[in-house]
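What you are looking at is a predicted structure, and each value in this text was computed from that prediction instead of being measured.
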Amino acid sequence: MAYDFKKEAKMFYMPKNKPEIVTVPPMNFLAVSGQGDPNEEGGAYQQAVSVLYALAYTLKMSYKGTRRIAGFYEYVVPPLEGFWWQPGLAGVDYSQKRGFHWISVIRVPDFIKQEDFDWAVQEAQRKKQIDCSSAAFLTIEEGLCVQMMHIGAYDDEPASVAMMDAYIEAQGYENELNEVRRHHEIYLSDPRKSDPAKQKTVIRHPIRKKDGR
């Protein structure tokens with residue numbers, strides 16, 4: 001049976017719909033950075049997502065071709081994720097979507113290395129006729145974070161964020177959103193097919209102890 005990150009690492013992909021504190025280890029990602037409204041039809045964000053999925057499935061299906069990746073095992077492509085920020089703001093203003101900066105990512109198993117990524121870029125461009133030059137291979141270690149499952153539309157996320165803020169305040173922590181540690185979302189529902197009121201999105205924020213540790 002193919003390895004499924006959502007099932008095997010539930011603490012990072014299937015949290016409860018109430019805040020909890022976790023320590024997130026280093027993970028490897030396919031990544032495309034950009035800026036602009038994610039809802040813009042044919043815009044930079046939607047193009048980035050197309051590139052990520054092209055690379056993700058090229059790697060996933062590599063074993064059926066000539067590429068032999070050391071340590072390879074069959075796996076389910078993990079969900080789309082995104083790190084979001086707006087310059088000059090500590091949080092996220094959902095009414096100013098044009099001001100979004102983002103790093104859109106899809107996780108890959110640890111056996112995927114830089115050279116496998118480089119191969120996938122060339123292979124996807126050759127087979128799918130899609131420009132993948134904007135993509136990068138990143139290792140991200142989020143460390144200490146607060147997270148919860150948000151159920152509902154993306155624009156309703158501030159209510160869940162307020163719950164997270166109140167929880168960490170009571171636990172003696174504070175947010176550490178900055179130029180390195182970002183607002184993070186993991187998309188468990190396809191917005192094209194799901195009722196916005198029932199969409200599931202993991203929201204994760206970096207935190208630290210109030211004394212700065």
Nearest-0.5 Å distance that lies between atom [atom1] in [X] and atom [atom2] in [Y]:
| X | Y | atom1 | atom2 | answer |
| --- | --- | --- | --- | --- |
| Q114 | F117 | CD | CZ | 6.5 Å |
| D156 | H150 | CG | NE2 | 5.5 Å |
| I203 | N17 | CD1 | CG | 11.5 Å |
| R182 | E179 | CZ | CD | 6.5 Å |
| K7 | M14 | NZ | CE | 10.5 Å |
| Q86 | F100 | CD | CZ | 4.5 Å |

What is the minimum heavy-atom distance between [X] and [Y], and which atoms define it?
| X | Y | answer |
| --- | --- | --- |
| S62 | L59 | OG-O, 2.9 Å |
| Q147 | V202 | OE1-CG1, 4.3 Å |
| N28 | T139 | OD1-OG1, 2.7 Å |
| I103 | S33 | CG1-OG, 3.6 Å |
| P25 | F12 | CD-CZ, 3.4 Å |
| V77 | A56 | CG1-CB, 3.9 Å |

Is [Y] reachable from [X] through a run of hydrophobic residues whose side-chain heavy atoms are each under 4.5 Å from the next?
| X | Y | result |
| --- | --- | --- |
| I130 | I106 | yes |
| Y73 | M27 | yes |
| L177 | I168 | no |

Is there a side-chain contact between [X] and [Y], using heavy atoms and a 4.5 Å cut-off?
| X | Y | result |
| --- | --- | --- |
| L30 | I112 | no |
| M149 | K16 | no |
| E20 | M148 | no |
| K209 | L144 | no |
| Y154 | K97 | no |
| T58 | W119 | yes |
| V24 | R204 | yes |
| Y3 | P109 | no |

Under 3.5 Å, is there a donor on one side chain and an acceptor on the other for [X] and [Y]?
| X | Y | answer |
| --- | --- | --- |
| Q122 | D118 | no |
| Y63 | E74 | yes |
| H205 | H183 | yes |

Would you say the side-chain atoms of [X] pair up with the backbone N or O of [Y], donor to acceptor, closer than 3.5 Å?
| X | Y | result |
| --- | --- | --- |
| S189 | K200 | yes |
| E8 | D4 | no |
| Q47 | G42 | yes |
| R67 | K64 | no |
| Q125 | C132 | yes |

Intermediate values then yes/no, side-chain contact (heavy atoms from CB on, under 4.5 Å), Y13 and E81
CA-CA 11 Å; Y13 294 96; E81 310 183 33; 3.8 Å; yes

Parallel, tilted or perpendicular, as decided by the 30° and 60° cut-offs, for the rings of Y75 and F5
perpendicular

Should the pair F83 and F29 be assigned to parallel (<30°), tilted (30 to 60°) or perpendicular (>60°) ring geometry?
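The rings of F83 and F29 stand perpendicular, inter-plane angle above 60°.
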
Atom CZ of R98: over 12 foreign heavy atoms under 6.0 Å
no

Please determine whether the number of non-hydrogen atoms from other residues, nucleotides or ligands lying under 6.0 Å from atom CE of M61 exceeds 12.
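Yes - once you tally the heavy atoms of other residues, nucleotides and ligands closer than 6.0 Å, there are more than 12.
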
The single option from V49, V105, I186 passing side chain to side chain contact (heavy atoms under 4.5 Å, CB included) against L80
V49

Let's go through R181 and E142 carefully: what are the C-alpha distance in whole Å and the side-chain angles of both, what is the deciding distance for salt bridge (charged side-chain N to carboxylate O under 4.0 Å, His left out) to 0.1 Å, and is it a yes or a no?
CA-CA 7 Å; R181 306 187 76 199; E142 291 185 86; over 6 Å; no

Cation over ring, K210 on Y173, under 6.0 Å and within 45°?
no

Would you mind checking if K128 and E123 are paired as a salt bridge, meaning a charged N to carboxylate O distance below 4.0 Å?
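So E123 does not pair with K128 through a salt bridge.
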
As a quick check of understanding, evaluate side-chain contact (heavy atoms from CB on, under 4.5 Å) for D116 and F137, giving each step before the final call.
CA-CA 10 Å; D116 303 311; F137 183 74; over 6 Å; no

Any chance you could lay out the side-chain contact (heavy atoms from CB on, under 4.5 Å) test for Y167 and I21, step after step, and finish with the verdict?
CA-CA 9 Å; Y167 176 77; I21 292 173; 3.8 Å; yes

